[in-house]
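Only one structure is covered here, and it is reproduced in the block below.
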Amino acid sequence: MSYILNIETATKNCSVSLAKNGETLICKEISEQGYSHAEKLHVFIDEIIKESSIAIVDLQAIAVSQGPGSYTGLRIGVSSAKGLCYGVQIPLIAIDTLTTLALRVPQEDGLIIPMIDARRMEVYSAIFNSNKEMIREVQSEILTEETFINETKTIYFIGDSNEKAKSVLTKSNFIFLDDIKFPSANEMSSFSYAKFLKEDFVDVAYFEPYYLKDFMFAR
């Protein structure tokens, strides 16, 4: 019996789930315009542990979103995950943020392109096939009328960039699933368990989030 705590803080969604053998038992999350991860994350963790009637020491691993995404959100999630792993002496699992987002799509055809808003017309994106397998790695790109113009398959776009993407991505085979905006720890459960079984862990001491771009300080 394997209990894994999943933490997703790469976007505006602060999300935590507890899974047993890859099945989500409890998930708590909140999406707010202002990032409240620092206030909500540990509250959610405490509530989940109490409601599940297990103890922190019963966890076999912690899984955390590795990015790309919000610099501050990722730092909060990874720091919390590392602290728990150190305290209980359990392994850390890193989960790609865009993969978690892609797993939310129910459609079983075409391509899936999750996009996380960066700035202006820039997004962080990847491409997945209908089996939710990544077929183009994560990259930062500027959306224009030419983006994905040669793709003939149905493309399902998800994420918090849909509104700005619609202004330039207008082909008839482009479908925007506007109800899927953020990754959730609920979808991390099966993926983190698969990594746990393969002992696909990261070094707790040296692991850093995948920011994709250098952090830009406001001036």
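No side-chain donor from either of Q139 and S125 sits under 3.5 Å from a side-chain acceptor of the other. In the model, E8 has a side-chain atom that pairs as donor or acceptor with a side-chain atom of S65 under 3.5 Å.
Rounding to the nearest 0.5 Å gives a distance of 7.5 Å between NZ of K171 and CD of E151. The distance from atom CG of L98 to atom CG of L103, rounded to the nearest 0.5 Å, is 11.0 Å. To the nearest 0.5 angstrom, F44 atom CZ is 12.5 Å from L5 atom CG. Here the CD1-CG distance, from I45 to L41, works out to 4.0 Å after rounding to the nearest 0.5 Å. C27 contributes atom SG, which lies 10.0 Å from atom CE of M188 (distance to the nearest 0.5 angstrom). Atoms CG and OG, on L25 and S53 in that order, are 11.0 Å from each other to the nearest 0.5 Å.
Shown here are the side chain to side chain donor-acceptor pair (under 3.5 Å) partners of Q107, two or more places apart in sequence or in another chain: there are none. Shown here are the ring pair (Phe, Tyr, Trp, His ring centres under 6.0 Å) partners of F128, two or more places apart in sequence or in another chain: there are none. With sequence neighbours excluded, the residues that form a side chain to side chain contact (heavy atoms under 4.5 Å, CB included) with T154 are D109, Y156, I175. With sequence neighbours left out, D117 forms a salt bridge (charged side-chain N to carboxylate O under 4.0 Å, His left out) with K164.
Looking only at distances, no side-chain donor or acceptor of E199 sits under 3.5 Å from a matching main-chain atom of F196. The closest donor-acceptor contact from the side chain of Q60 to the backbone of Y3 lies under 3.5 Å.
The side-chain hydrogen bond (donor to acceptor under 3.5 Å, both in side chains) pairs that include a residue from residues 177-186 are T24-N186, E29-S184, N162-D178, K166-D178, where partners are two or more places apart or lie in different chains.
In this structure, I142 shares a hydrophobic cluster with L111, I113, M115, M121, V123, I127, I135, L143, F148, I155, F157, V168, L169, F174, F176, the cluster being traced through Ile, Leu, Val, Met, Phe, Trp and Tyr side chains under 4.5 angstrom apart.
Residues R104 and P183 share a closest heavy-atom pair of CD-CA, 4.5 Å. Counting all heavy atoms, side chain and backbone alike, A63 lies closest to S192 at CB-CB, 3.6 Å.
V204 and F207 fall within a single hydrophobic cluster, where Ile, Leu, Val, Met, Phe, Trp and Tyr are joined by side-chain heavy atoms under 4.5 Å apart, directly or via other members. Note on I95 and V202: separate hydrophobic clusters, where clusters join Ile, Leu, Val, Met, Phe, Trp and Tyr whose side-chain heavy atoms are under 4.5 Å apart, directly or indirectly.
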Requested in this report: Run the numbers on D160 and K12 for side-chain contact (heavy atoms from CB on, under 4.5 Å), then give the verdict.
Outcome: CA-CA 9 Å; D160 60 357; K12 292 178 181 177; 5.6 Å; no
Report task. Might you work through the side-chain contact (heavy atoms from CB on, under 4.5 Å) test for H37 and S70, ending with a clear yes or no? Result -> CA-CA 11 Å; H37 301 12; S70 158; over 6 Å; no
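Both tests pass for K195 against the ring of F191: distance under 6.0 Å to the centre and angle within 45° of the axis.
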